[in-house]
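In what follows, a single structure is set out as structure tokens and then discussed.
Only a predicted model underlies this, so the values are computations on that prediction, with no experimental measurement involved. One-based numbering, in listed order, for ligands and for the atoms of each.
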Amino acid sequence: MSASPTAPAASTAPATPAGTAVRTALVTGASKGIGREIAERLARDGLRVAVHYGSDRAGAEAAVAAITAAGGRAFALGADLAAADGPGTLTDALRAAIGPDGHLDVLVHNAGVGESSGLAEITPEEYDRLFAVNVRAPLFLTQRLLPVLRDGGRIIAVSSGVTRIALPAMLPYAMTKGALEVLVHQLAQQVGPRGITVNAVAPGVIDTERTRRQFAADPGFAAYAEEVSALGRVGRVDDVAGIAAFLASSDGGWVTGQVIDATGGSHL
Ligand SMILES: NC(=O)c1ccc[n+]([C@@H]2O[C@H](COP(=O)([O-])OP(=O)(O)OC[C@H]3O[C@@H](n4cnc5c(N)ncnc54)[C@H](OP(=O)(O)O)[C@@H]3O)[C@@H](O)[C@H]2O)c1
């Protein structure tokens, strides 16, 4: 990342109307792509949403503006999750925004880096960055936010279908998502007594800015993704956001420790 924020943009969270129990969600990496769609969907479902960004403050502010224009509540928070103190910075910014008595109800670990190399090309530096953003940040963000996550809350991680499908060209990235799924499984057992559910959503190829760059670089990639999906198309961000919304809802409360496949039946 070239331009990480020097200080978190901790806008004040929109006030909760007196006497109402509005739930609050934090969605990491919500400045664009899948995370932005999850943020907008949770806001439509009535949650007040903390829209986290790494370097794209304008993207996060556009997401907040879209949510607000649609009648929802949101605020932006910046933190570079590749930095060692990234989870701490984000936790401090969130706590400052929601106030000393504030709580979190839904934590979505979506931020991720994925333009990865295979075994022959991976460098120690790229490996460290992949694991910092995709694994270390969710672990330490969870550690720091558990005290403010309400009993009955939800933790949702965005994994990838590459933990089920062998794609050696993405080996190190797949390793990070494997670790994330292990975190989900173990954590679900640990926080279950508090009524907190922990699940992962594992998308296949989803049409986002990132994949559009891959489509442009490899004209056969989109056709390949359509062909391997039982449903015959590339996924959309709302395909993933709908599953996250279900897991965040009361209807999703009896599902925990699971990885929900969101690949449109790829490689069945
Ligand atoms: N798109 C797919 O086909 C696909 C498939 C399977 C799984 N996934 C997973 O889905 C998630 C979202 O993917 P996407 O395609 O929507 O990605 P994207 O469009 O590239 O967006 C990635 C998000 O993560 C944030 N982020 C990246 N590095 C960060 C850092 N160092 N610190 C803080 N935030 C950082 C970005 O923030 P800034 O831009 O503000 O820096 C951005 O908001 C990822 O975990 C990815 O692995 C995606």
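- By the criterion of a heavy-atom distance under 4.0 Å, both the backbone and the side chain of Ile34 are placed next to ligand 1.
- Polar contact check, Gly35 against ligand 1: no nitrogen or oxygen pair lies under 3.5 Å apart.
- Side-chain contact check for His103 versus Leu149: every heavy-atom pair is 4.5 Å or farther apart.
- Under a 4.0 angstrom heavy-atom cut-off, His109 registers as lying outside contact with ligand 1.
- Taking every non-hydrogen atom of Ala82 and a distance limit under 4.0 Å, the qualifying atoms of ligand 1 come out as 31 (N).
- Polar contact check, Thr208 against ligand 1: a nitrogen or oxygen pair lies under 3.5 Å apart.
- In terms of the side-chain contact (heavy atoms from CB on, under 4.5 Å) criterion, residue partners of Val106 (sequence neighbours excluded) are, by chain and number, Arg23, Ala25, Leu42, Leu47, Val108, Arg154, Ile156, Ala248.
- By the neighbour-count criterion of 12 heavy atoms within 6.0 Å, atom CD of Gln189 is sparsely surrounded, having that number or fewer from other residues, nucleotides or ligands.
- No side-chain heavy atom of Leu171 sits under 4.5 Å from any side-chain heavy atom of Ile122.
- With a 4.5 Å cut-off on side-chain heavy atoms, Asp56 and Lys32 count as touching.
- Minimum heavy-atom separation, Ala97 to Phe75: CB-CE1, 3.5 Å.
- Heavy atoms of Gly78 come nearer than 4.0 angstrom to ligand 1 in no pair at all.
- Within the 4.0 Å heavy-atom criterion, neither part of Thr28 lies near ligand 1.
- Heavy-atom contacts of Asp80 reach the following atoms of ligand 1: 30 (C), 31 (N), 32 (N) (cutoff under 4.0 Å).
- Atoms of ligand 1 lying under 4.0 Å from at least one heavy atom of Asp56, given by number and element, are 38 (P), 39 (O), 40 (O), 41 (O).
- Residue Ser31 places at least one N or O, backbone or side chain, under 3.5 Å from an N or O of ligand 1.
- Heavy atoms of Ala30 found under 4.0 angstrom from ligand 1 belong exclusively to the backbone.
- For Ile206, heavy-atom contacts with ligand 1 shorter than 4.0 Å involve the backbone as well as the side chain.
- Grouping the Ile, Leu, Val, Met, Phe, Trp and Tyr side chains by contacts below 4.5 angstrom, directly or via other members, places Val182 apart from Met175.
- Side-chain contact check for Val135 versus Leu183: every heavy-atom pair is 4.5 Å or farther apart.
- The distance from ligand 1 to the heavy atoms of Tyr53 drops below 4.0 Å at these ligand atoms: 40 (O).
- Not counting sequence neighbours, the partners of Ala83 by the side-chain contact (heavy atoms from CB on, under 4.5 Å) test are Asp80, Asp85.
- Taking every heavy atom of His52 and a limit of under 4.0 angstrom, the matching atoms of ligand 1 come to 33 (C), 34 (N).
- The closest approach between any non-hydrogen atom of Arg36 and ligand 1 is not below 4.0 Å.
- When every heavy atom of Phe131 is checked against every heavy atom of Pro172, the shortest pair comes out as CE1-O, 4.2 Å.
- Neither the backbone nor the side chain of Arg57 comes within contact range of ligand 1; no heavy atom lies under 4.0 Å.
- For the residue pair Ala79 and Leu90, the shortest heavy atom distance occurs at CB-CB, 3.8 Å.
- Between Val237 and Asp207 there is no side-chain heavy-atom pair separated by less than 4.5 Å.
- Residue Val113 touches ligand 1 through its side chain alone, judged by heavy-atom distances below 4.0 Å.
- The number of heavy atoms from other shown groups lying within 6.0 Å of NE2 (His185) does not exceed 12.
- Using 4.0 Å as the threshold, Lys32 has a heavy atom nearer than that to some atom of ligand 1.
- Checking only distances, Ser160 never comes within under 3.5 Å of ligand 1, N or O to N or O.
- Applying the 4.0 Å criterion to heavy atoms of Val205 picks out, from ligand 1, the atoms 3 (O).
- Compare Ser159, Ala58, Gly112 by their heavy atoms: the one nearest to atom 7 (C) of ligand 1 is in Ser159.
- No N or O atom of Gly161 sits closer than 3.5 Å to an N or O atom of ligand 1.
- In this structure, of Gly204, Ala79, Gly114, the residue bringing a heavy atom nearest to atom 4 (C) of ligand 1 is Gly204.
- In the vicinity of Val158, heavy-atom distances shorter than 4.0 Å reach the ligand 1 atoms 9 (C), 10 (O), 11 (C), 45 (O).
- Among all heavy-atom pairs drawn from Val51 and Ala39, the shortest one is CG2-CB, 4.3 Å.
- Contact annotation for Thr211 and ligand 1: only side-chain heavy atoms (C-beta onward) come within less than 4.0 Å of the ligand.
- Here's the thing with Leu81: one of its N/O atoms is less than 3.5 angstrom from an N/O atom of ligand 1.
- At a threshold of 4.5 Å between side-chain heavy atoms, the hydrophobic network of Ile, Leu, Val, Met, Phe, Trp and Tyr places Tyr173 and Val228 in one connected group.
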